Amino acid sequence: MLQPKKASESYANMMEMVLPNDTNAIHNLRGGKILHWMDICSAISAGRHAEAVVVTVSVDQVSFENPIKMGDVVQIASKVTRAFSTSMEVKIEVWAENLPTKNKYKCNSAFYTFVALDSNGKPKNIAPILAETDEEKNDFELAQQRREMRLFLAGRIKISEAKELQRILHVKE
Ligand SMILES: CC(C)(COP(=O)(O)OP(=O)(O)OC[C@H]1O[C@@H](n2cnc3c(N)ncnc32)[C@H](O)[C@@H]1OP(=O)(O)O)[C@@H](O)C(=O)NCCC(=O)NCCS
């Protein structure tokens, strides 16, 4: 097995300013644009952890909590929560800031899953995650439930294989 790597080593962040081309008809940042930026930031976290080319395989629990206004600065931060065999889950959080007023507000969060690929484009094993802080440990624990849920919804596993989901939903085999 590969040596565990600290979750914090996968931390990535980026900033963007919302310009007219990024907005919808009511001058707020378009959903597709923010998803694109989140994909880039989280791919950097995943690639950093895997030390490999990564591809997005799933996007989950995207919430749009507040609209982001034109001219505001968007800050995106991401970190790998847990690595499985060849895939890993990345948590992404998004804030925006209005520079004149200094008002900073939380806008989005999501979990993206990436798969690491080898030089032949085949899934490649990656190092486990070492969770250190309380938040990292909590994200690591809950990542198993989220993984089972997304694999179940994607039709890749049966409920009988989703042990953690069975436990929390009190499902009997
Ligand atoms: C990612 C990809 C290579 C996986 O291929 P595959 O034949 O399904 O490979 P496997 O069955 O071995 O699965 C590989 C991993 O992906 C995970 N996976 C596959 N589908 C998934 C899904 N819908 N949600 C979450 N994880 C998924 C598997 O659980 C496995 O993870 P593990 O090794 O940690 O257990 C393939 O699906 C692909 O190329 N998808 C397109 C990716 C892409 O183009 N993304 C957009 C641009 S970056």
Side-chain angles (χ1 to χ4, degrees), residues 1-16 21-22 29-65 74-94 107-133 135-169 171 173:
M1 189 160 86
L2 292 157
Q3 283 296 313
K5 287 179 68 182
K6 293 176 182 177
S8 56
E9 288 179 57
S10 70
Y11 180 78
N13 69 352
M14 60 189 246
M15 283 190 185
E16 293 279 349
N21 265 354
D22 307 323
L29 179 61
R30 285 186 288 112
K33 193 74 193 181
I34 184 76
L35 290 173
H36 170 67
W37 289 338
M38 290 161 81
D39 189 45
I40 291 175
C41 192
S42 54
I44 293 169
S45 285
R48 240 179 213 158
H49 177 74
E51 299 172 21
V53 170
V54 296
V55 287
T56 318
V57 74
S58 183
V59 173
D60 305 276
Q61 296 184 26
V62 183
S63 63
F64 294 99
E65 293 154 34
V74 177
Q75 186 179 339
I76 304 170
S78 60
K79 211 175 350 177
V80 176
T81 60
R82 187 160 177 163
F84 301 95
S85 298
T86 65
S87 68
M88 71 214 98
E89 182 194 72
V90 181
K91 178 181 175 183
I92 306 121
E93 293 183 291
V94 183
C107 306
N108 285 55
S109 57
F111 292 96
Y112 281 44
T113 305
F114 291 86
V115 174
L117 302 180
D118 66 16
S119 53
N120 296 313
K122 301 284 177 215
K124 161 191 163 138
N125 282 334
I126 53 176
I129 277 285
L130 178 64
E132 295 180 300
T133 66
E135 186 181 349
E136 287 169 1
K137 287 176 185 166
N138 188 50
D139 288 340
F140 181 94
E141 282 306 311
L142 297 179
Q144 181 62 26
Q145 292 174 18
R146 290 188 294 267
R147 169 181 162 87
E148 290 182 3
M149 181 63 85
R150 70 174 69 91
L151 291 178
F152 175 68
L153 292 176
R156 293 183 68 98
I157 60 169
K158 298 192 180 73
I159 195 75
S160 57
E161 298 166 86
K163 298 294 176 207
E164 190 56 22
L165 275 190
Q166 284 182 30
R167 189 184 66 76
I168 57 168
L169 299 174
V171 176
E173 283 187 61

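Treat the numbers as computed from the prediction; the structure is a model and nothing was measured. Start at 1 and go down the list; that is how both ligands and their atoms are numbered.
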Side chain, backbone, both or neither: which applies to Ser58 and ligand 1 if a contact is any heavy-atom pair less than 4.0 Å apart? side chain
Sub-4.0 Å protein heavy atom near atom 7 (O) of ligand 1: no
Answer yes if a protein heavy atom lies under 4.0 Å from atom 38 (C) of ligand 1, otherwise answer no. no
Gap separating the NZ atom of Lys5 from the NE2 atom of His49, nearest 0.5 angstrom: 6.0 Å
Taking NZ, NE, NH1 and NH2 as the nitrogens, is one of them in Lys6 or Glu136 under 4.0 Å from a carboxylate oxygen of the other? no
For ligand 1, is there an atom lying under 4.0 Å from some heavy atom of Arg147? yes
Given the protein's heavy atoms, is any one of them under 4.0 Å from atom 44 (O) of ligand 1? no
Protein non-hydrogen atom below 4.0 angstrom of atom 41 (C) of ligand 1 present: no
May I ask you to identify, for Arg156, whether its side chain, its backbone, both or neither come under 4.0 Å of ligand 1 on a heavy-atom basis? side chain
I need the atoms of ligand 1 closer than 4.0 Å to a non-hydrogen atom of Val55, numbered in the order shown. 1 (C), 42 (C), 48 (S)
Where is the nearest protein heavy atom to atom 4 (C) of ligand 1: which residue, which atom, and how far? Pro123 CG, 4.4 Å
Have a look at Met149 and tell me which of Asp60, Ile168, Leu165 forms a side chain to side chain contact (heavy atoms under 4.5 Å, CB included) with it. Leu165
